[in-house]
Amino acid sequence: MLFDYSKITTISLLILFTSCQPETAGPCTFEQALHGQAPYPLGFAADVAAFRFDPDYQNHSSFHFNSITAENALKMEHIQPARGGFEFVQADSLVNLALRKGMRVHGHTLIWHNQNPPWLSTFSGDRQAWIDLMKEHINTVIQHFSGRIHSWDVVNEAFEDNGDLRETVWRNGIGDDYIELAFQFAAEADPDAMLFYNDYNLWRKSAKCRAVLALAEHLQKKGIPIQGIGFQGHIDIRGPGQREIELALEELSALGLQVHISELDVSVNPLGKASPDLEGNFGKQAEVYRMVAEAYTSSVPADQQFGITFWGLADAHSWIPSFFNRADAPLLWDANYMPKPALCGFMDGI
Ligand code: G3I
């Protein structure tokens, strides 16, 4: 059974209402779009083909979300598959359709260690050649989408969990200052764009969280533009706890930057059990979603709330099962777009 938005009736609302009552969450109805429940934008990571060609995917996403991030289409392997050969067709189609649907488009991501084109790993050149290469990529992509994409994850996942800078092709080619150069080039390419640093495991005032704070302060001191921090938020039913989330969000908010929970999902099978009781963990999952939403509201000042983005639309689209080769159900709707307790939990926390 698929959810049909054109046929919302009292009976269907009643079924949805009763099918979505986690122990921890309050009443949950679907008379309004999910994004209408929050005072900040709510987004999802989109698969281009599904967003363009699957009507259920398109209807569900445009009904519930007012912000979109391309899950893969803007990454370098797709955008510059050959040296100097930029391919914008897929990304343009996603961006233009999203704008027609009234969504804000967030750009992910310009500089990363992963999903780079194969030619990049064999590129050889001195520091200046690498700087020129990075500048060309950033300039070309940002300027291509200028006026359509107003915010970018300029650098993604530059730190290890222990706070050390990650070894990447960019760092190897340029040096530790590749991050500040990337932000500088991005700001020059589009002075109106909002520039984010994006990373995971920032929840527990961790070593990585400290490193990100230090980076942002360093950029601010040098006058290099940075407007926001992306807290990815790939977490699971074991936590972290609400206070741990709040402390980290409070500290990052103190930078005065926008805070984006940029890739939220909550795994119900984090240990990768072969025959997991996924549904048995839906109540815990709802509680974690409630906690995250509540922590965001209580710890990030309203004018710094860039929004919350879920990493995928419904369970059938999550990256987790294929990436980790395990059964999982980390999102707010099941494979048939039926609401899960997670949806009520999240709405309860807003
Ligand atoms: O496009 C190819 C396809 O041609 C091929 O047939 C297929 C066979 O496996 O693979 C396809 O590529 C996959 C790609 O997703 C598109 O679906 C890759 O194998 C797969 O590794 C890739 O995974 C993406 C992952 O980043 C790569 O690191 C996930 O979709 C994407 O959700 C995930 O997103 C990242 C964020 O960008 C950064 N933060 C972490 C997050 C989760 O890993």
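Just so it is clear, the structure is predicted and the values come from calculations on it, not from any experiment. Ligands are counted one by one from 1 in listed order, and the atoms in each one are counted from 1 as well. Computed over heavy atoms, backbone and side chain alike; hydrogens, waters and symmetry mates excluded.
- The 4.0 Å heavy-atom shell around ligand 1 contains residues Glu71, Asn72, Lys75, His108, Trp112, Asn114, Gln115, Asn156, Glu157, Gln232, His234, Glu263, Trp311, Trp319, Phe323, ordered by chain and number.
- His260 has its side chain within reach of Phe196: a pair of non-hydrogen atoms, C-beta onward, lies under 4.5 Å apart.
- Salt bridge present: Glu251 and Arg210 bring a charged side-chain N and a carboxylate O closer than 4.0 Å.
- A salt bridge is absent between Lys284 and Glu287: the closest approach of a Lys/Arg side-chain nitrogen to an acidic carboxylate oxygen does not fall below 4.0 angstrom.
- Within the structure, every pair that satisfies the salt bridge (Lys or Arg N to Asp or Glu O under 4.0 Å) test and touches residues 114-135, not counting sequence neighbours, is listed here: Arg127-Asp177.
- Side-chain N/O atoms of Ser206 and Asn201 include no donor and acceptor closer than 3.5 Å.
- Figure legend: cation-pi geometry between Lys208 and Phe159 absent, as NZ or CZ is not positioned both under 6.0 Å from the six-membered ring centre and within 45° of its axis.
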